[in-house]
There are 2 protein chains.
Amino acid sequence: MSQHSSLAGGEDEQSATADERDPANGKAPKTDRGRKTLRKLLDAAAQEFGERGFHEASIAGVTSRAGASIGTFYVYFDSKEAIFRALVADMGRLTRGWIAGRVKDAPDRLAAERLGVAAFIEFVRAHKDLYRIIMEAQFVAEDAYREYYTSFAAAYRRNLAEAAAKGEIRDGDHEERAWALLGMSVFLGLRYAVWSDDIVPAEIGAAVGDLIENGLAPEKPPGGSKP
Amino acid sequence: MSQHSSLAGGEDEQSATADERDPANGKAPKTDRGRKTLRKLLDAAAQEFGERGFHEASIAGVTSRAGASIGTFYVYFDSKEAIFRALVADMGRLTRGWIAGRVKDAPDRLAAERLGVAAFIEFVRAHKDLYRIIMEAQFVAEDAYREYYTSFAAAYRRNLAEAAAKGEIRDGDHEERAWALLGMSVFLGLRYAVWSDDIVPAEIGAAVGDLIENGLAPEKPPGGSKP
DNA sequence: TTGAAACATGAGTCAACATTCAAGTTTGGC
DNA sequence: GCCAAACTTGAATGTTGACTCATGTTTCAA
């Protein structure tokens with residue numbers, strides 16, 4: 001496994017030296033200088049797009065942040081959209097990696113949900129404007145956006161199915177539940193990470209964990225009574 | 001006072017017949033001809049923005065759909081962004097109104113949530129591309145976007161607090177819950193209305209309702225036994 | 001009937017980039 | 001050291017589309 005590197009395209013590393021192409025961008029650097037320039041461009045683009053949004057952002061802005069020239073940009077990417085896509089793909093990898101790390105020791109699924117929500121909030125806080133990039137992808141590169149969330153949903157679905165098999169959660173439609181849970185996280189991220197920082201992630205995880213675990217219905221204790 | 005209205009933010013209405021000004025756009029029509037033209041422009045803009053997105057959309061596209069000239073457009077709106085904002089505000093009113101109508105007879109909050117989710121899915125299906133406009137507002141007019149969702153969240157919070165007071169739901173942090181529920185609806189709308197039509201809204205409402213009501217934890221029935 | 005306020009028109013202006021390209025500079029294998 | 005491939009450069013090109021404005025038409029109150 002690769003150590004992911006910042007945001008940049010931490011591809012599969014090594015491999016057969018041969019062509020490390022990914023269809024996203026057109027060209028791959030062969031020398032060290034080239035790889036450094038590519039990295040600088042990606043980091044600069046993350047900043048530029050994050051701060052100004054896709055349409056306000058300019059290639060000139062990216063290259064000047066990167067300390068490169070416009071011509072150089074087009075050596076590494078075919079277009080403005082191409083580098084944007086590269087960024088989205090990267091964010092997906094980064095996010096999943098971060099959450100996976102924070103969740104891997106959870107004793108069961110419901111605990112994992114709590115940790116996962118908290119981890120997600122933390123992550124978004126640490127990458128606010130990069131997170132904007134994902135959201136804007138919906139309008140700039142819809143397929144990349146769908147891919148991003150669909151793969152999250154798929155992971156959720158798997159986890160839920162597994163947990164149901166173990167009897168950790170009730171049975172039900174895991175697809176619908178997956179999207180519901182995903183939506184929760186995303187909106188909590190928007191509210192408590194992008195728009196405000198005032199609540200500690202663990203608390204949000206706890207509140208949501210409780211909601212997910214027990215729902216909103218009043219408790220019905222064994223001897224209970226209700227109007 | 002208005003009962004219920006889960007998602008609906010009971011407007012303020014009032015106002016005489018006089019000038020329905022909103023600071024959003026610059027000019028208001030005085031004659032009948034003017035009002036008709038304004039309406040045509042708004043409808044055309046909804047189409048144009050919905051189909052092509054804010055940045056791809058052009059004023060020329062709007063005016064040609066409306067059967068008006070470019071100059072006319074600038075009689076009614078100060079800029080491309082101004083008409084976009086007007087559209088977002090309109091959508092907010094429309095959405096809240098629709099859901100309020102569907103939810104008003106719910107016997108209690110948990111039933112209302114079920115109906116609300118289903119109504120929201122229905123609404124988004126019926127206004128797919130208009131819904132895009134809301135989402136894109138995040139990048140074109142962030143304040144309008146925040147306003148849109150914040151007023152939804154506020155309505156949720158009120159309803160939850162009220163329900164808690166009546167003992168219909170457990171106590172807890174209603175702000176966090178509100179955003180969690182909002183996120184659910186939005187993402188289910190994305191998945192089951194914008195991206196696909198294959199599941200009937202009531203079923204989604206039922207599944208989510210169950211999740212919201214009981215959570216995911218395995219049932220712990222009083223005399224306990226499980227198949 | 002009339003004239004002034006409302007409204008409509010659309011060619012032309014103008015600034016903002018994305019992208020290209022021909023010409024230079026650096027790297028690294030031999 | 002040599003030189004081909006890799007890399008860098010930024011002025012020039014071309015497109016696009018929001019917005020202006022001078023002129024013409026319609027409405028309606030008096």
Side-chain angles (χ1 to χ4, degrees), chain A residues 8-9 17-21 25-45 48-49 51-87 136 139-141, chain B residues 18-21 24-45 48-49 51-87 136 139-141:
Chain A
T17 317
D19 53 7
E20 347 175 4
R21 326 231 52 358
N25 55 20
K27 303 94 181 222
K30 308 264 177 173
T31 74
D32 227 43
R33 182 161 67 132
R35 274 183 291 272
K36 262 177 195 137
T37 301
L38 176 57
R39 153 67 27 75
K40 282 194 297 183
L41 284 172
L42 282 164
D43 290 345
E48 174 81 2
F49 285 129
E51 264 171 41
R52 319 226 288 149
F54 182 79
H55 294 280
E56 291 297 303
S58 72
I59 302 298
V62 171
T63 54
S64 95
R65 281 175 204 258
S69 75
I70 292 181
T72 295
F73 177 92
Y74 285 94
V75 168
Y76 294 98
F77 297 96
D78 290 335
S79 67
K80 190 181 178 182
E81 193 181 311
I83 195 173
F84 186 85
R85 283 171 183 279
L87 246 22
E136 193 162 18
F139 305 99
V140 174
Chain B
D19 52 10
E20 342 175 8
R21 320 215 76 340
N25 56 18
K27 304 95 181 223
K30 309 265 177 172
T31 72
D32 226 44
R33 181 162 67 134
R35 274 184 290 274
K36 259 176 197 139
T37 302
L38 176 56
R39 161 58 20 84
K40 281 196 296 183
L41 283 172
L42 281 166
D43 290 347
E48 174 80 2
F49 285 129
E51 263 172 41
R52 320 223 291 151
F54 182 79
H55 293 281
E56 292 296 306
S58 72
I59 302 299
V62 172
T63 53
S64 96
R65 283 175 203 257
S69 75
I70 292 182
T72 295
F73 176 91
Y74 286 94
V75 169
Y76 294 97
F77 296 97
D78 291 334
S79 65
K80 189 181 177 182
E81 194 181 309
I83 195 172
F84 187 84
R85 284 173 182 278
L87 245 23
E136 194 162 18
F139 305 98
V140 173

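Letters A, B, ... are given to chains in the order of the sequence lines, protein chains preceding strands, and every chain is numbered from 1.
The minimum heavy-atom distance between B/A57 and B/R52, with the atom names listed, is N-CB, 3.9 Å.
Taking NZ of A/K36 as the start and CZ of A/R33 as the end, the distance is 10.5 Å to the nearest 0.5 Å. Between the CG atom of B/L42 and the CZ atom of B/F77 there is a distance of 4.0 Å, given to the nearest 0.5 Å.
Rounded to an integer number of Å, the gap from CZ of B/F77 to P of C/dC7 is 13 Å. Between the P atom of D/dT8 and the NZ atom of A/K30 lies a distance of 14 Å, rounded to the nearest Å. Rounded to an integer number of Å, the gap from B/K36 NZ to C/dA8 C1' is 16 Å. Spacing between atom CG of A/D32 and atom C1' of D/dT8 amounts to 16 Å, rounded to whole angstrom units.
Here the side chain of B/P29 is nearest to one of C/dC7, D/dA6, D/dT8, namely C/dC7. The side chain of B/S69 approaches C/dA8 more closely than any other nucleotide in the set C/dA8, C/dG28, D/dT8.
At a threshold of 4.0 Å, the pair B/D32-B/R35 counts as salt-bridged, since one of the basic side-chain nitrogens sits closer than that to a carboxylate oxygen.
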Return the polar atom pairs (N/O with N/O) between nucleotides 16-22 of chain D and the protein under 3.5 Å, or none.
from   : atom 1 : to    : atom 2 : distance (Å)
D/dA18 : OP1    : B/A57 : O      : 3.2
D/dA18 : OP1    : B/K80 : NZ     : 3.1
D/dA18 : OP2    : B/I59 : N      : 2.9
D/dC19 : OP2    : B/Y74 : OH     : 3.0
D/dC19 : OP2    : B/K80 : N      : 3.1

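Checking side-chain atoms of B/E48 against main-chain N and O of B/I59 turns up no donor-acceptor pair under 3.5 Å.
Aromatic ring pairs are classed by plane angle as parallel below 30°, tilted from 30° to 60° and perpendicular above 60°; the pair B/F49 and B/F54 is parallel.
Using a 4.0 Å cut-off, no side-chain N or O of B/T31 falls inside it from OP1 or OP2 of D/dT27.
Within 4.0 Å (heavy atoms only), A/T72 reaches at least one base atom of the nucleic acid.
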